[in-house]
Number of protein chains: 2
Amino acid sequence: MNTLAEENYLKCIYHLAIDAGVVSTNQIAASLNTRASSVTDMLKKLADKALINYTRYQGVSLTDAGEKIAIGIIRKHRLWEYFLVEKLNFKWDQVHEMAEEMEHISSEELIDRLDEFMGHPKHDPHGDPIPDCNGNFKSVELKPVSALAINQCGVISGVRDHSSPFLQYLEKQQLTIGKKVTITDIIEYDHSVALKTETDKEIYISREVANNLLISL
Amino acid sequence: MNTLAEENYLKCIYHLAIDAGVVSTNQIAASLNTRASSVTDMLKKLADKALINYTRYQGVSLTDAGEKIAIGIIRKHRLWEYFLVEKLNFKWDQVHEMAEEMEHISSEELIDRLDEFMGHPKHDPHGDPIPDCNGNFKSVELKPVSALAINQCGVISGVRDHSSPFLQYLEKQQLTIGKKVTITDIIEYDHSVALKTETDKEIYISREVANNLLISL
DNA sequence: TTCATATTTTAGATAAGTCTAAATTTTTTA
DNA sequence: TAAAAAATTTAGACTTATCTAAAATATGAA
């Protein structure tokens, strides 16, 4: 088994690698709120365990073994988030911290039974896909609202920012997962966007919000 | 917040103090599978935090603050055990190790909602009482089968040994929580006991089993 | 009540994970 | 392309929790 710190590094590298491929020491340090020197120490350890590909000064990527562990942790995180929202009635902006702890509960059988108990959900409360017990999941291609054109419509299916303030704001605006929206206007000046909901309500969102709100077409 | 090690020491001291009042360094070391010198180090730290009463060579007891934390951990442990058995269909001999990890999930609100989700259960799968959110619980006076006389009857309500082999044995003999039994014979020679179940089945158990099986009269 | 034994504590080390400060390597820019 | 800047690594230190071995204290038996 791996330590809590090791698991957090693997998960972090996995997330950063989605955009970048190879991940830098400083990226990891920024993401984990730690120092680059601490990261270097840990990278050596993970490389010794054959969980990452690492050559000095060249950044890192996960090995197959490392990716498997990372996906396992993400599976646990998302299943526990689903549990907290669907069974214990937490809001989607309240569950991240708790799931950060719960994702390290080691038993595989526990998580598989939890998955079954909840009916094998495919997405967590933020729209992120939940890997199955073999680590497989298909990630639908989502686009930020900011990448759409006037009159395009789609379904809110994910967020790029998982922070409470952002999620609370979306909730207040009723811009939650599953809602269908149509782009009605794009303001050239500040790149803010006007949306129309199914109930014909019009909502203005800033460029920043439009960047962090993901749509499936 | 306290570290995982600190929480485990507090819980351990709480359990040992139930019989003894004051707990010795060696008792703790034996219970936690560690060395007496390690225990001494930790006792100093817990005393600095005012969680235990400690004077060198004199053993320890929990302060009110320490006891409150210990009971909180035990509440979490037992609620998670209940969840694992009642919701995820684990057997009573499978849940201890998992609950040992889950009891350290920090959120109080999570555990209170879990409690509510399950309908505020009063006892865990091994018959141990579950403290409420204020740390209150009433422990019924239970007697080991070995303390009963011929013809006495009662209901199986707890165990002293929580190990898998013991619990599996009881399960196989159908000596599980809630079953009513009557003492039909006590063998002088080896202190083994003959029991009759509600279905009039006769079961012989050894002195050791009789010592670890608890009855409410 | 004194001495042998058991218990407990202290002293000094170790491993994991972190830090700061300094050194090294890579990248950028002029 | 050489110097400056940025990124990364190394060196050495700190904390937590553990260990072994030795010293101190308590207990109990003669």
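Chain letters run A, B, ... following the sequence lines, proteins first and then strands; every chain starts at 1. Bear in mind the structure is a predicted one, so any value in this text is a computation, not a measurement.
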Can you tell me how far [atom2] of [N] sits from [atom1] of [X], to the nearest Å?
| X | N | atom1 | atom2 | answer |
| --- | --- | --- | --- | --- |
| B:Gln58 | C:dT9 | CD | C1' | 13 Å |
| A:Leu43 | C:dT18 | CG | P | 11 Å |
| A:Leu46 | D:dT9 | CG | P | 13 Å |
| A:Asp41 | D:dG12 | CG | C1' | 11 Å |
| B:Lys49 | D:dT16 | NZ | C1' | 11 Å |
| A:Met42 | C:dC19 | CE | C1' | 14 Å |
| B:Gln27 | C:dT7 | CD | C1' | 12 Å |

Look at [X] and [N] and indicate whether a side-chain polar atom (N or O) is within less than 4.0 Å of OP1 or OP2.
| X | N | answer |
| --- | --- | --- |
| B:Tyr57 | C:dA6 | no |
| A:Ser38 | C:dC19 | yes |
| A:Arg56 | D:dT8 | no |
| B:Ser37 | C:dT10 | no |
| A:Tyr9 | C:dT18 | yes |
| B:Lys44 | C:dT9 | no |
| B:Tyr54 | C:dT9 | yes |
| B:Thr34 | D:dC19 | yes |
| A:Arg35 | C:dT20 | yes |
| B:Asn26 | C:dT8 | yes |

Q. With a 4.0 Å cut-off, would you call B:Asp132 and B:Lys138 a salt bridge?
A.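 No, no charged N to carboxylate O under 4.0 Å.
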Q: May I ask you to say whether B:Asp128 pairs ionically with B:Lys122, meaning some side-chain N is under 4.0 Å from a carboxylate O?
A: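 No salt bridge links B:Asp128 with B:Lys122.
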Q | Sole candidate of A:Asn211, A:Ile186, A:Val209, A:Ile215 that passes side chain to side chain contact (heavy atoms under 4.5 Å, CB included) when paired with A:Val145 | A |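 Looking at A:Asn211, A:Ile186, A:Val209, A:Ile215, the match for A:Val145 under the side chain to side chain contact (heavy atoms under 4.5 Å, CB included) is A:Ile215.
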Q: State which of C:dT18, C:dA16, C:dT10 makes the closest approach to the side chain of B:Thr40.
A: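 Looking only at heavy atoms from C-beta outward on B:Thr40, the closest nucleotide is C:dT10.
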Q. Once the angle between the rings of B:Phe83 and B:Trp80 is folded into 0 to 90°, is it parallel (under 30°), tilted (30 to 60°) or perpendicular (over 60°)?
A.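 Correct class here is perpendicular.
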Q) Base, sugar-phosphate alone, or nothing: which one does B:Thr25 contact when heavy atoms must sit under 4.0 Å apart? A)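 Counting heavy atoms under 4.0 Å across all strands, the contact made by B:Thr25 is with sugar-phosphate only.
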Q | cation_pi(B:Lys87, B:Phe117) dist<6.0 Å, angle<=45 | A |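 Geometry flag: set, cation within 6.0 Å and 45°.
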